[in-house]
Enquirer: 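Sharing a structure here in structure tokens format.
These values consider heavy atoms only, across backbone and side chains, with no hydrogens, waters or symmetry-generated copies.
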Amino acid sequence: MTALGFLYPGHSAEDEYPRIEQLLGSDIRLDVVHTDIGEDAHRVDALLQMGSAERLAAGVEELRMSGADSVVWACTSGSFVYGWEGAHDQVRTLARTAGLPASSTSFAFVHAAREMGLERVAVGATYPDDVAALFAEFLRAGGVEVVGVRDSGIITAAEVGTWGEAEVFALARAADTPDAQALLLPDTALHTAAHIPALEKELGKPVLTANQVTVWEALRLADRRVNAPGLGALFAREPIVQV
């Protein structure tokens, strides 16, 4: 059994994790611990507080007790808001506190893009424009060219969590550009796990979404690879038979 640990801020789309666990269809357990979201606002000052070392440390002991093999800060905006170097400091501190390999959703996007050989991506963000721009800057710092950014101006994760299939598809269509090799949807408050294959079929390209890449990153840290095409092209790269 491989146990993967996730620190998830508040309550918006945490039901993605049981769904993804089922889609993985393997001896993998996803353990989610909720951190204090503080003020629910896609605003730089609130996001810096949400991703503080103190907030993350508060959930670490529960994950250690669960036997987690790795831990990922399951929040995109609460990691890229620190910038490339600051986000590295954030996960280094988390790794030291947890005594486990650690990462964040922002790095998960960069690592997944590298894994798939993606050089040019489009971004469909739920965030306000200034926060969406910070994500694009983070991706560029990681060597990923951003050819288009579509923001949605939503302030709270709670509102994002109410979005259904129609809103997700509308954002994806609006954000995609012909020269993008993939589309990125970077909010862990957004429900996407049930829609990834259909989104990829409609757009004709890989779609990377926040909770999807977060789980992939935790698997990578635990040195596990799983074939789970129900989670899109990112999870269809491994042989069907696992050793």
Side-chain angles (χ1 to χ4, degrees), residues 4-21 30-66 68 70-83 86-95 97-98 100-110 123 125-128 130-132 134-135 138 151-163 168 184-193 208-218 221:
L4 308 177
F6 304 93
L7 297 175
Y8 187 93
H11 299 267
S12 293
E14 67 271 24
D15 52 335
E16 293 266 276
Y17 290 85
R19 178 184 289 274
I20 292 172
E21 185 176 277
L30 308 187
D31 296 325
V32 177
V33 171
H34 297 275
T35 63
D36 180 8
I37 197 171
E39 182 183 0
D40 182 9
H42 288 137
R43 202 179 63 240
V44 171
D45 62 329
L47 293 170
L48 289 170
Q49 285 294 315
M50 183 170 64
S52 69
E54 295 77 16
R55 292 263 174 90
L56 300 190
V60 162
E61 184 60 25
E62 187 175 342
L63 285 180
R64 269 208 303 256
M65 295 296 288
S66 75
S70 61
V71 57
V72 180
W73 168 223
C75 182
T76 325
S77 56
S79 46
F80 69 69
V81 73
Y82 283 85
H88 273 94
D89 290 339
Q90 183 186 55
V91 296
R92 278 193 291 264
T93 300
L94 178 57
T97 303
L100 296 168
S103 189
S104 68
T105 305
S106 293
F107 287 120
F109 274 110
V110 172
V123 172
T126 53
Y127 318 126
D130 61 328
V131 176
L134 291 176
F135 180 56
F138 187 92
D151 66 83
S152 303
I154 297 180
I155 297 297
T156 68
E159 182 178 349
V160 174
T162 68
W163 275 26
V168 170
L184 277 54
L185 300 175
D187 195 337
T188 58
L190 188 65
H191 288 89
T192 58
L208 301 180
T209 75
N211 293 311
Q212 169 215 39
V213 300
T214 297
V215 173
W216 178 87
E217 180 79 338
L221 292 174

Enquirer: Taking atom CG of L94 and atom CG of D89, what is their separation to the nearest 0.5 Å?
Expert: 12.5 Å
Enquirer: Using only atom types and a distance under 3.5 Å, with no angle test, would you say the side chain of E16 pairs donor to acceptor with the backbone of T192?
Expert: yes
Enquirer: Quick check for you: to the nearest 0.5 Å, what is the distance between E62 atom CD and T35 atom OG1?
Expert: 11.5 Å
Enquirer: For H88, what residues pass the ring pair (Phe, Tyr, Trp, His ring centres under 6.0 Å) criterion, not counting sequence neighbours?
Expert: W84, F107
Enquirer: Tell me the closest heavy-atom pair linking S77 and L47, and the distance in Å.
Expert: OG-CD2, 3.3 Å
Enquirer: If every non-hydrogen atom of N211 is compared with every non-hydrogen atom of T188, which pair is closest and at what distance?
Expert: ND2-O, 3.1 Å
Enquirer: Hey, what do you get for CD (E14) to NE2 (H191), rounding to the nearest 0.5 Å?
Expert: 7.0 Å
Enquirer: Do you see a donor-acceptor pair shorter than 3.5 Å between the side chains of T214 and T105?
Expert: yes
Enquirer: Any side-chain heavy atom of V110 sitting closer than 4.5 Å to one from F138?
Expert: yes
Enquirer: Looking at CZ of R55 and CD of Q49, how far apart are the two atoms once the value is rounded to the nearest 0.5 Å?
Expert: 6.0 Å
Enquirer: Can you measure from CD (E61) to OG (S66) and round to the nearest 0.5 angstrom?
Expert: 10.0 Å
Enquirer: Taking the ring of F135 and the ring of F109, is the distance between their centroids below 6.0 Å?
Expert: yes
Enquirer: Indicate yes or no for a side-chain donor-acceptor contact from E159 to the backbone of T156 under 3.5 Å, with no hydrogens or angles considered.
Expert: no
Enquirer: Which pair of non-hydrogen atoms, one from P186 and one from A210, has the smallest distance, and what is that distance?
Expert: C-CB, 3.9 Å
Enquirer: Which atom pair, heavy atoms only, marks the closest approach of A218 to L4?
Expert: O-CD2, 3.6 Å
Enquirer: Within the supplied structure, the quantity of interest is the number of heavy atoms (other residues, nucleotides, ligands) at a distance under 6.0 Å from R19 CZ; does it exceed 12?
Expert: no
Enquirer: Decide yes or no on side-chain contact (heavy atoms from CB on, under 4.5 Å) for T76 and Y127, but give the supporting numbers first.
Expert: CA-CA 11 Å; T76 325; Y127 318 126; 3.5 Å; yes
Enquirer: For F6, run the side-chain contact (heavy atoms from CB on, under 4.5 Å) check against V71, L30, D31 and tell me which one passes.
Expert: L30
Enquirer: So, S12 side chain and A189 main chain: donor-acceptor pair closer than 3.5 Å or not?
Expert: no
Enquirer: Counting C-beta onward and ignoring hydrogens, is there a side-chain heavy-atom pair between V60 and L7 closer than 4.5 Å?
Expert: yes
Enquirer: Would D187 and I154 count as a side-chain contact (heavy atoms from CB on, under 4.5 Å) if you check the C-alpha gap in whole Å, the side-chain angles of each, and the deciding distance to 0.1 Å?
Expert: CA-CA 11 Å; D187 195 337; I154 297 180; over 6 Å; no
Enquirer: Taking all atoms of both residues into account, what is the closest heavy-atom pair of V160 and H42, and its distance?
Expert: CG2-CE1, 4.1 Å
Enquirer: For A41 and A46, which heavy atoms make the closest approach, and how far apart are they?
Expert: O-CB, 3.7 Å
Enquirer: Does the side chain of W73 come within less than 4.5 Å of P9's, by heavy atoms?
Expert: yes
Enquirer: Roughly how far, to the nearest 0.5 Å, is NE2 of H11 from CD1 of I37?
Expert: 9.0 Å
Enquirer: Can you check whether S152 reaches W163 side chain to side chain, under 4.5 Å on heavy atoms?
Expert: yes
Enquirer: For A13, is there any backbone N or O sitting under 3.5 Å from a side-chain donor or acceptor partner on Y8?
Expert: yes
